[in-house]
Protein chains: 2
Amino acid sequence: MNGRSKAGPGSNLTLKHVAREAGVHPSTVSRALNPATRSLVADDVVARVLQVAQDLGYRPNLLAAALRTGRSRLIGALIPNISNTLFSMILSGAAERLASAGYSLVIADVGDEPARQLELTRQFVARRIDGLILATVRRDDPLVAFCVEQELPAVLVNRAEEKRRLSAVVSDDGLAMQLAVEHLVELGHKHIAHVAGPETTSTGHLRRLGFTQAINSHKLGIEPSIEPTKSYSREEGARAAEKLLAGNDRVTAIVAANDLLALGVYDILREKGVNCPRDISVIGHNDMPLVDMISPPLTTVRISHQEIGRQAASLLLSRIQGDETVQRNVVLTPSLIVRESTAPPRKIR
Amino acid sequence: MNGRSKAGPGSNLTLKHVAREAGVHPSTVSRALNPATRSLVADDVVARVLQVAQDLGYRPNLLAAALRTGRSRLIGALIPNISNTLFSMILSGAAERLASAGYSLVIADVGDEPARQLELTRQFVARRIDGLILATVRRDDPLVAFCVEQELPAVLVNRAEEKRRLSAVVSDDGLAMQLAVEHLVELGHKHIAHVAGPETTSTGHLRRLGFTQAINSHKLGIEPSIEPTKSYSREEGARAAEKLLAGNDRVTAIVAANDLLALGVYDILREKGVNCPRDISVIGHNDMPLVDMISPPLTTVRISHQEIGRQAASLLLSRIQGDETVQRNVVLTPSLIVRESTAPPRKIR
DNA sequence: TCAATAACTGCAATCGATTGCTATCCAAGA
DNA sequence: TCTTGGATAGCAATCGATTGCAGTTATTGA
C-alpha cells in the first residue's frame, strides 16, 4: 500500500513524530509551528515543540500543506523564450521577490504557439499554482480570457493587453520613442524612419504609435512606412532595413523597436557599405547586455527588466495575499542611453 | 473547516464528480484515467469514464497525486545567476526535455552564497521535488554531500565536482584549450598567456590545467602566470589583463577562460591602445550571444549549453524513472569558432 | 453441473498537514 | 458554592488521488 519502495528523499519525518517526541498531539505541533496560530498554544509547550522540531530537523511537507490549504506557494511563469536575456532578467527579478515571500517560481518556456501556452497553463492549474506571470501575451490573447474566467491571479509583464483585464507591468513605450526621436531631432535629423516590431505585441504596436506621435509633435514628415516585422529578431531587422533603404535615400536615422532589430539593421548597413553613424544613425530598444561592446556601441532605450519582474511579483503577491482585486497597470520610466550609433546627419548624401 | 473562502481557481472538479457522473467508483475512474492501470478496467467502462472526464473538463489535482505517490513531478534547478545567458540556455534545454516528460522546472536563483543555496535546497526537499539540477557547485561542495546523504537524485551541469559523487554534464575543457592553443600555434604564436577563471569552479581549474598541458605539448614556454580571477566577470578580466601586460611584453596572445573575461581583456587593450588582433590575439570561451558583433568579433570556444541542459534532464529522468543508480559523466565536445580577434603575431613588437 | 479461475469493480486506508469543534481545567466573579 | 468564561489541547474530518485487498460476477474446464 505504500507507494514508495524505499525511504527515498524527503526524510519521512512528519508532524506525528515531532508530536510523539514532544508528548503532544500533532495538531498542537502544527499550531505551535505556524506563527499565525502560535498564540493558541501555551508558551512552554511552544518552546518545547520548537526545540524538538529543531533537534529532529523537522521540515513540514509543503505538498501536504498545499493540498489541505489549497495554496501551493508556487507561481508559474509563461515565457516565450528563456534564453532571451530580456525574459531571464524579468525572471530573475521576480524570483528574488517571490523567494523572500516563501514562494517558488515554476517556469514554462512555451514559445509563441498559443495551443501550447494554453496546455502548459492548464498544467499549472492542475498543480494548483497560486498565480501566474505572463510574458507571452499578444494584444488580444485568449490566454488572458482563460485566466479571467478561471479567476486565476495573473500579471502581465513587458507586454500589456489591450482590454486591460489583468494587471500589467510595462515600460512607457510612448515616452521611450519620444526620447529617441527628440535625441535625433536635437542632432539635426529630419528624415527618421522606424523599424516596427510585431503588431501583435503591445510593444510593437505602442512603439510604432509612440514613434508616429513623436514625429508629428516635431512637425516632421513621416517616412513612407514599411511593414512591421513578424518577430523581434536580427533576421527580421535586416529584412526590414533592406526594404527601407531600397525605396528611400533621404533617411538619415532609424529607430528600431528593439535591439535585435537594430542589430539586423547594422548587418544591412555593413553589407551595403553604409557607415553608422556617419551616414545613418541607429537607435535600439532594451539595452541588452553587450550592445555597448559592439561596433558602433548602440544608442538604445534602457528598461530595467529586473525591476519589471520585481514589480510583477509584488503585484501578484498583494493580489494573492490581500484578496485585492483591483487591476493595476504599473508603468516604469525608461531612459535613453546615448552611445556611438547616433551622430548629426551628413550635410549632403 | 474549508480552507478556501471562495471557489478560487482550480475548478474543484474531482475524481468523485467524474465517478458519480459515470456511475462508477472513484478508484475505477483513477484506474481508467491512468494508462498504466487502464488494463484493469473493462473497455466499455474506460470509454465511458474517458468521455465523461472529457465532457466535464476534468483535470486531476497533481498536488493530491503527488502527496499520495510521493512523486511531485517537479525538478528543482539551482542557478547562480539566471540572467547570465549561459545558465538560461541550460534551463531552456532542460525545461524542454522535462516538459515533454510531464515534469516542470522550479528555479532558484541563488547567487554564490553556500548558506542560501543549502536553504533553498531544503525548501526544494520540503516541496518533495523529484530531482535537482545543480549549476552552482564548486569543486568540493557541501551541497553535493547533502544530496548524496539525502539520496536526492541530482545532476551537475556545466561544472563538475572533484569526487564524482554525482552525475554531471560538462563540456570537454581540456579539449577546448587544446583547440584554442593549437589555433594560435598554427598562426605562429609562441608566447601565449592564460587568464584563468576561479579555481573554485571546475571550469576554471580544468581550463587552466588544459591550457598548461596544451602549451607543454607544443613545447612552448609557460608565460609567468598571474593569479586566477575571483569570478567570471568583465571587471575581473580587465584586472587580470592589466596585471598580465604590466609584467610582460612578449605575450602575443591571450586565452581567456570565459567570454566575459575576454571582454575585460578587450577593455584593457583598448585603454592601452593595444590593437587586437594585430598586437595581441584574444580567445574567449562559451560563444555568448553577440560576441560575433563586437569589435573585433571574438574567436571563442562554442559549447551547446542547451544541449547540456537537455542531457542533464535526460540523465535525471532516467535516474528517477529507472531507478538507475550509476553515476555518469557526460562530456560534450566543444568547437572553436574562429572570428577576427585572432591573427598571426606581428614580427616585431 | 459444479468448482476453479479470471476479470472487474468497490471498499477503505493512506499520504501529511490543517482546522472547526469539543472537552478539560482553572481562575475569577456572583 | 456555583456559574461563567478564558485558555489550552485533543479529536476527527478533510484536502483529492492512489492502491492493496476483498468481493462479485462471468467464464472456463472437468
Side-chain angles (χ1 to χ4, degrees), chain A residues 1-5 7-20 22-49 53 56 58-73 125-128 130, chain B residues 1-5 7-20 22-49 53 56 58-73 125-128 130:
Chain A
M1 198 136 198
N2 188 343
R4 273 163 289 192
S5 46
S11 73
N12 302 330
L13 184 61
T14 74
L15 263 190
K16 272 190 198 164
H17 296 110
V18 180
R20 197 176 314 145
V24 294
H25 193 268
S27 63
T28 304
V29 176
S30 172
R31 282 189 271 253
L33 257 31
N34 180 350
T37 51
R38 190 168 291 162
S39 61
L40 295 172
V41 179
D43 291 351
D44 57 328
V45 178
V46 169
R48 183 148 41 95
V49 169
L56 263 47
Y58 169 75
R59 301 224 111 198
N61 183 331
L62 295 182
L63 232 45
L67 175 60
R68 174 64 232 240
T69 61
R71 339 191 76 206
S72 62
R73 297 187 153 263
V125 173
R127 283 197 190 284
R128 298 300 190 266
D130 292 337
Chain B
M1 198 133 200
N2 189 342
R4 274 163 289 194
S5 45
S11 73
N12 300 330
L13 185 59
T14 74
L15 264 190
K16 271 190 201 164
H17 297 110
V18 180
R20 195 176 315 145
V24 293
H25 194 267
S27 61
T28 302
V29 177
S30 171
R31 283 189 271 254
L33 256 32
N34 181 349
T37 51
R38 187 167 294 163
S39 61
L40 295 172
V41 179
D43 291 352
D44 59 326
V45 179
V46 169
R48 184 151 38 95
V49 169
L56 262 48
Y58 169 74
R59 299 225 113 198
N61 183 331
L62 295 184
L63 233 44
L67 175 60
R68 175 62 232 242
T69 61
R71 341 191 74 208
S72 61
R73 296 187 153 264
V125 172
R127 281 197 191 285
R128 297 298 189 267
D130 292 338

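Since we're looking at a predicted model, the values are computed, not measured. Chain A is the first sequence line, chain B the second, and so forth, proteins listed ahead of strands; every chain is numbered from 1.
When rounded to the nearest whole Å, the span between CZ of B:R128 and C1' of C:dG16 equals 9 Å. Across the protein-nucleic acid pair, B:R68 atom CZ and D:dT18 atom C1' stand 5 Å apart, rounded to whole Å. Separating the CG atom of A:L13 from the P atom of C:dG16 is a distance of 10 Å, rounded to the nearest angstrom. What separates CG of B:L67 from P of D:dC15 is a distance of 14 Å, to the nearest Å. Protein atom CG of B:N61 is 13 Å distant from nucleotide atom C1' of C:dC15, rounded to whole Å. The nearest whole Å value for the distance from the CG atom in A:L63 to the C1' atom in C:dA17 is 11 Å. For the pair B:L15 CG and C:dA13 P, the interatomic distance rounds to 18 Å; values are reported in whole Å. Atom NE2 in A:H17 sits roughly 13 Å away from atom C1' in C:dC15 (whole-Å rounding).
Contacts with DNA chain C (heavy atom under 4.0 Å) in residues 37-48 of chain A: none are found. At a non-hydrogen distance threshold of 4.0 Å, B:S30, B:R31 from residues 28-36 of chain B come into contact with DNA chain D.
B:A126 is linked by a side-chain contact (heavy atoms from CB on, under 4.5 Å) to A:L62, counting only residues two or more places apart in sequence or in another chain. In terms of the side-chain contact (heavy atoms from CB on, under 4.5 Å) criterion, residue partners of A:A19 (sequence neighbours excluded) are, by chain and number, A:P26, A:V29. Applying the side-chain contact (heavy atoms from CB on, under 4.5 Å) rule to A:A53 yields the partners A:V18, A:L33, A:Y58; only residues at least two apart in sequence or on another chain are considered. For A:R127, the side-chain hydrogen bond (donor to acceptor under 3.5 Å, both in side chains) test picks out B:S104, with sequence neighbours left out.
Applying the 4.0 Å criterion to OP1 and OP2 of C:dA17, one finds that A:Y58 has a side-chain N or O inside that range.
Rounded to the nearest 0.5 angstrom, B:L13 CG and B:N61 CG are separated by 11.0 Å. The line from CG of A:L63 to CZ of B:R71 is 13.0 Å long, rounded to the nearest 0.5 Å. The CZ atom of A:R20 sits 10.5 Å away from atom CG of A:L56, with the distance rounded to the nearest 0.5 Å.
Judged by distance alone, the side chain of A:R48 and the main-chain N or O of A:A22 form a donor-acceptor pair under 3.5 Å.
Listed by first and then second residue, the side chain to side chain donor-acceptor pair (under 3.5 Å) pairs that reach into residues 27-39 of chain A are A:H25-A:S27, A:S27-A:R31, sequence neighbours excluded.
Taking both residues in full, the closest heavy atoms of A:V41 and A:A32 are given as CG2-N, 4.1 Å, listed atom of the first, atom of the second, then distance. Contact detail for B:S72 and B:D130: the closest heavy-atom pair is N-OD1, 3.1 Å.
Two end axes, each from the C1' atoms of five base pairs, can be drawn for the helix from C:dT1-D:dA30 to C:dA30-D:dT1; they diverge by 50°, to 10 degrees.
Heavy-atom distances to DNA chain C give each of B:H25 and B:A64 a nearest nucleotide, and the one nearer the 5′ end belongs to B:H25.
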